Amino acid sequence: MNPAASSGAKVLVIDDSNTIRRSAEIFLRQGGHEVLLAEDGFDALAKVNDHGPELIFCDILMPRLDGYQTCAIIKRNPRFAQVPVIMLSSKDGLFDKARGRMVGSEDYLTKPFTKEQLLRAVEAFRRSAV
């Protein structure tokens with residue numbers, strides 16, 4: 001691993017909203033993290049395989065392959081089963097949180113999120129991974 005890059009995490013943000021992807025990218029880069037972006041589940045699965053992110057933020061409501069399906073596929077792959085997935089949703093519902101846990105997500109963030117919430121989530125899961 002490149003020692004210069006060891007301070008930041010490699011984070012994948014999956015969201016069909018360009019606005020959400022861009023704001024997450026800006027916040028995470030300001031926090032010193034490397035950011036990968038995907039606009040849907042299929043795009044995300046290719047990027048997970050090619051780049052091996054350390055943490056994934058995944059929107060729930062997406063076309064073609066939703067966040068639950070995407071998370072479940074990632075978690076079923078032994079290579080990526082340990083990568084924390086944090087679900088993103090505009091709804092702050094108990095059902096959504098429970099369903100996210102059922103497919104293997106570690107946490108849940110309600111949109112719109114703040115820079116502090118996003119960076120706090122990254123730090124929390126990086127600490128637990130060490």
Side-chain angles (χ1 to χ4, degrees):
M1 184 162 163
N2 177 353
S6 64
S7 59
K10 188 186 294 184
V11 182
L12 173 61
V13 178
I14 313 163
D15 201 301
D16 58 327
S17 160
N18 189 45
T19 307
I20 295 290
R21 283 196 315 274
R22 292 295 164 217
S23 57
E25 179 181 27
I26 291 165
F27 294 160
L28 291 165
R29 285 194 198 282
Q30 287 173 347
H33 303 294
E34 181 183 340
V35 184
L36 304 161
L37 301 173
E39 61 188 46
D40 64 37
F42 289 109
D43 186 22
L45 294 174
K47 289 194 169 142
V48 167
N49 197 47
D50 294 348
H51 301 284
E54 298 168 58
L55 180 69
I56 300 168
F57 288 98
C58 184
D59 184 26
I60 291 175
L61 295 173
M62 296 184 293
R64 301 196 309 155
L65 198 61
D66 72 20
Y68 299 123
Q69 294 165 315
T70 303
C71 180
I73 292 167
I74 291 167
K75 292 296 185 172
R76 276 197 296 261
N77 184 324
R79 250 180 83 200
F80 307 113
Q82 298 307 309
V83 176
V85 176
I86 299 172
M87 304 306 280
L88 299 173
S89 178
S90 49
K91 298 190 306 232
D92 190 16
L94 280 174
F95 174 78
D96 293 311
K97 290 179 183 179
R99 191 166 172 210
R101 293 246 188 254
M102 284 169 53
V103 294
S105 76
E106 276 70 23
D107 205 353
Y108 187 97
L109 219 53
T110 305
K111 299 189 285 187
F113 45 77
T114 65
K115 176 180 173 181
E116 288 69 32
Q117 288 172 310
L118 209 58
L119 295 178
R120 209 171 23 240
V122 174
E123 288 312 310
F125 286 100
R126 291 192 75 203
R127 276 198 304 277
S128 67
V130 175

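Computed from a predicted structure; not experimentally measured.
- Listed here is the closest heavy atom pair of Phe113 and Ala24: CZ-CB, 3.9 Å.
- Under the 4.5 Å side-chain criterion, counting only non-hydrogen atoms from C-beta, Arg22 is in contact with Leu37.
- Scanning all heavy atoms of the two residues, the minimum distance from Ala121 to Ile86 falls at CB-CD1, 3.8 Å.
- Using a 4.5 Å cut-off on side-chain heavy atoms (C-beta onward), Asp96 and Arg99 make no contact.
- Closest non-hydrogen pair, Leu119 versus Gly31, comes out as CD2-CA, 3.9 Å.
- Judged by distance alone, with hydrogens and angles left aside, the side-chain atoms of Lys75 form a donor-acceptor pair with the main-chain N or O of Ala81 at under 3.5 Å.
- Across all non-hydrogen atoms, the minimal contact from Gly52 to Phe80 is CA-CE2, 4.1 Å.
- In terms of hydrophobic clustering, with Ile, Leu, Val, Met, Phe, Trp and Tyr side chains grouped at heavy-atom distances under 4.5 Å, Leu61 and Leu88 are assigned to different clusters.
- In this structure, the side chain of Gln117 engages the main chain of Thr114 through a donor-acceptor pair within 3.5 Å.
- The CG atom of Leu109 sits 10.0 Å away from the CG atom of Asp92 when rounded to the nearest 0.5 Å.
- Interatomic distance, CD of Glu54 versus CD of Glu34, reported as 8.5 Å (0.5 Å rounding).
- Counting heavy atoms from C-beta outward, Leu36 and Val11 have side chains that stay 4.5 Å or more apart.
- Contact between Gly67 and Cys58 at its shortest, heavy atoms only, is CA-SG, 3.6 Å.
- For the pair His33 (side chain) and Leu28 (backbone), a donor-acceptor distance under 3.5 Å is absent.
- At a threshold of 4.5 Å between non-hydrogen side-chain atoms, the residues Lys91 and Lys97 do not count as touching.
- Checking each of Val85, Ile14, Leu118, Leu12 against Phe57 for a side-chain contact (heavy atoms from CB on, under 4.5 Å) leaves exactly one that passes, namely Leu118.
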task: List the steps, then state whether side-chain contact (heavy atoms from CB on, under 4.5 Å) holds for Ile20 with Lys111.
output: CA-CA 9 Å; Ile20 295 290; Lys111 299 189 285 187; 3.7 Å; yes
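- Here the side chains of Ile56 and Pro84 are not in contact, with every heavy-atom distance at 4.5 Å or above.
- Here the side chain of Arg101 pairs a donor or acceptor atom with the backbone of Glu106 at under 3.5 angstrom.
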Discussion item. Pair Val122, Leu55 - check side-chain contact (heavy atoms from CB on, under 4.5 Å), show working.
Written reply: CA-CA 7 Å; Val122 174; Leu55 180 69; 3.5 Å; yes
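- In this structure, the side chain of Arg21 engages the main chain of Asp15 through a donor-acceptor pair within 3.5 Å.
- The closest side-chain heavy-atom distance from Asp16 to Pro63 is below 4.5 Å.
- Although no hydrogens or angles enter the test, the distance criterion places a donor-acceptor pair under 3.5 Å between the side chain of Arg79 and the main chain of Asn49.
- A donor-acceptor pair under 3.5 Å is absent between the side-chain atoms of Gln30 and the main chain of Phe27, judged by distance alone.
- Annotation: side chain of Tyr68 is in contact with side chain of Ile60 (closest heavy-atom distance under 4.5 Å).
- Across Gly104 and Cys71, no two heavy atoms sit closer than the pair C-SG, 4.0 Å.
- Side chains of Val48 and Leu45 form no contact here, defined as non-hydrogen atoms less than 4.5 Å apart.
- Linking ILVMFWY residues whenever their side-chain heavy atoms come closer than 4.5 Å, directly or via other members, leaves Phe125 and Met87 in distinct clusters.
- Looking at Asp66, its side chain never comes within 3.5 Å of a backbone N or O of Met62 through a donor-acceptor pair.
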